[in-house]
There are 2 protein chains.
Amino acid sequence: MANKADQAYDVLERMITFQELPPGSLVSEARLMERTGLGRTPVREALQRLARERMVEIHPSQGVFVAATSIEAQLKVLELRRSLEELAVRLAAHRATTAQRERILELAEVLAAFDGDDPQEFGDLLKQTHTLIVDAAHNEFISLSMAPLQGLSRRFWFAHLRDPKTELHEAADLHGQILRAICHGDETKATDASLQLNDYLTDFTYRTLRHQ
Amino acid sequence: MANKADQAYDVLERMITFQELPPGSLVSEARLMERTGLGRTPVREALQRLARERMVEIHPSQGVFVAATSIEAQLKVLELRRSLEELAVRLAAHRATTAQRERILELAEVLAAFDGDDPQEFGDLLKQTHTLIVDAAHNEFISLSMAPLQGLSRRFWFAHLRDPKTELHEAADLHGQILRAICHGDETKATDASLQLNDYLTDFTYRTLRHQ
DNA sequence: ATTGGTCATATGCCGGTTGTACATGACCGG
DNA sequence: CCGGTCATGTACAACCGGCATATGACCAAT
C-alpha cells in the first residue's frame, strides 16, 4: 500500500469489524498508534475517515468511541444498500468486461466451495465480492457510496453471528447467485438475487432483535 | 462552525464550486493556507475529504489539482443520483415531520419567487433544498451518500451555465415541484418530480457536450 | 452531600523535517 | 554541433512531535 493513512485505515477497519476493538469501547489516538505501530498523522486521517463512515465517533477532548452496532442504524444502512446494490449489480451485469466476468465466475466457484467457518477468512471473500461487483459496474461514484455501507453491513453481520457455519453458507450462496447472474449478463436475475441478499440481511437484522 | 476543518471544507468547496479555483488548476496546501487564513491541519483535512469526493486530486509530491469537470464523470454522478434521489424524496415525502414540511413549503415559495440571476445566491438555495430533503428522509446514510453527489452536480451545472437566467428558473421550478410533493406527502408525485429533475440535469449535461 | 478547584488526558492545531517526483541544466558521447 | 543521460535543485505532500485547549474525574473543604 502506498501511503500509511490507507494502511492505518485497513488495519483499524479490520480491528473494528472483527471485534478486536469492541463496539462502544473507548480508544485513543495514542493507543492506536501503539497497536498499529504507525504515526499520528496516518492514524488521525484514518479515524477521520472512519468517523465519516460512522464506524467510530470522535468526541473532542474525550476520546474516540467505536460506534455501537445499533439495529435501527443497520436497518437504515440496508434501506439504502438495497437500492444502491440493485443499481450496482444491474450495471455490473450490463457492463462487466470479459476479464471481469472471468474473475467473477472464479470467485463464485470459490464461494460455492467454501466450507469453513472462519469469519475472518470469509470476510475477505465478501470484501472481494463487493469490490468485484462495484468495479464491474464501471462507476466509481457507486463504489464510493457503497464501500462504507458494505463495511457497516459486514461489521454488523459478523458482530451478531449466532450460528456461523449456517449463516456463512447462506451468505455464500446468496452472493454466489449474484455473481453468476452478473457473469451471465442477466440483469433481471442479478437484481433479483441482490434483493434476495438484502432481504436476508434485513431478516438477519430483525432476528438479532429477537435474540437480544 | 465548531472546528476549523469544517470551515476549511466549506470555504474550499465554495471556491471550487464558483470557479474561484478553476477546474484543472494546480493549488498547494501553502497557497490555500494563505487564502483561507487557516492552519495546515484544517486545510489538509478538508483536502482529504474533497479528494475522496472527487472535487480535487491529490498527487503526492506534486500538488493538488482541482478536478476537471468531465462530462463522462458527470453522467456517472447523475446515473447514481437518479436512484438515490428517488429514494430520498420518497422517504422524505413519507417521513418528514410537520415542522420539516413547513420549512420545505417555505423554501418552495422562496424558490418560486426567485427572480435573480446570481448563481452564488441561487447556489445557497439549492444547498438548502438538498439539505432539507435528505434531512426529511431521516436516514443519515442517505445524506452521507448524496451530499458529495449534489456538490459535484452543482459544480458542473454552475461551471457550464450558458444562459443563467433561464436555467436558474427551470432548476428553481423543478426543485420547487419536488419540495411541494414532499410537503403534501405525495410519494408518487415526488419521485416523478425527482426523475424529471434528473432528466433535466442529464439533458443539460448532454447540451454542454454539444456546445463544447 | 455538595461545591470548588486541580490534575490527568484527550483531541485540535501548528510548524518543522523528511522523502520523493519533476524540471533544469551540465556533461558526455556520437 | 546535436541528442541523450545523469546530477542537482526545487517544490510539494507525507509525516512527526509538541504545544494549546477543553473536558471529565477526583479530591478536599465547607
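Naming convention: chains lettered A, B, ... in sequence-line order (proteins, then strands); numbering from 1 in each chain.
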Over how many whole Å does the gap from [X] atom [atom1] to [N] atom [atom2] extend?
X	N	atom1	atom2	answer
A:Met33	C:dT9	CE	P	16 Å
A:Asn3	D:dA13	CG	P	14 Å
A:Leu38	D:dG17	CG	P	12 Å
B:Leu26	C:dA21	CG	P	17 Å
B:Tyr9	C:dC13	OH	C1'	21 Å

Under 4.0 Å between a side-chain nitrogen and a carboxylate oxygen: does that hold for B:Arg95 and A:Glu79? yes
Lys/Arg N to Asp/Glu carboxylate O, B:Arg40 vs B:Glu29, below 4.0 Å: yes
Sorted by position of nearest nucleotide on DNA chain D, 5' first, the leading residue of B:Arg31 and A:Pro60 is B:Arg31
Closest approach of B:Arg155 to B:Ala68 (non-hydrogen atoms, all atoms of both residues):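 It is NH2-O, 3.6 Å.
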Nearest heavy-atom pair of B:His160 and B:Thr208: which atoms, and what distance?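 So the two residues come closest at CB-CG2, 3.6 Å.
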Which part of the nucleic acid does B:Ile58 contact within heavy-atom distance under 4.0 Å: base, sugar-phosphate only, or nothing?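 Sugar-phosphate, no base atom in range.
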What contact category does B:Thr41 fall into here, base, sugar-phosphate, or nothing, at under 4.0 angstrom with non-hydrogen atoms? base
From [options], pick the nucleotide closest to the side chain of [X]?
X	options	answer
B:Ser61	C:dC13, C:dT11, D:dC12	D:dC12
B:Pro42	C:dC22, C:dC13, D:dG24	C:dC13
A:Val64	D:dA14, C:dT11, C:dC13	C:dT11
B:Glu29	D:dA14, C:dT11, D:dC15	D:dA14

Checking only heavy atoms, does the side chain of B:Arg40 share a donor-acceptor pair with the base of C:dG16 at less than 3.5 Å?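 Yes.
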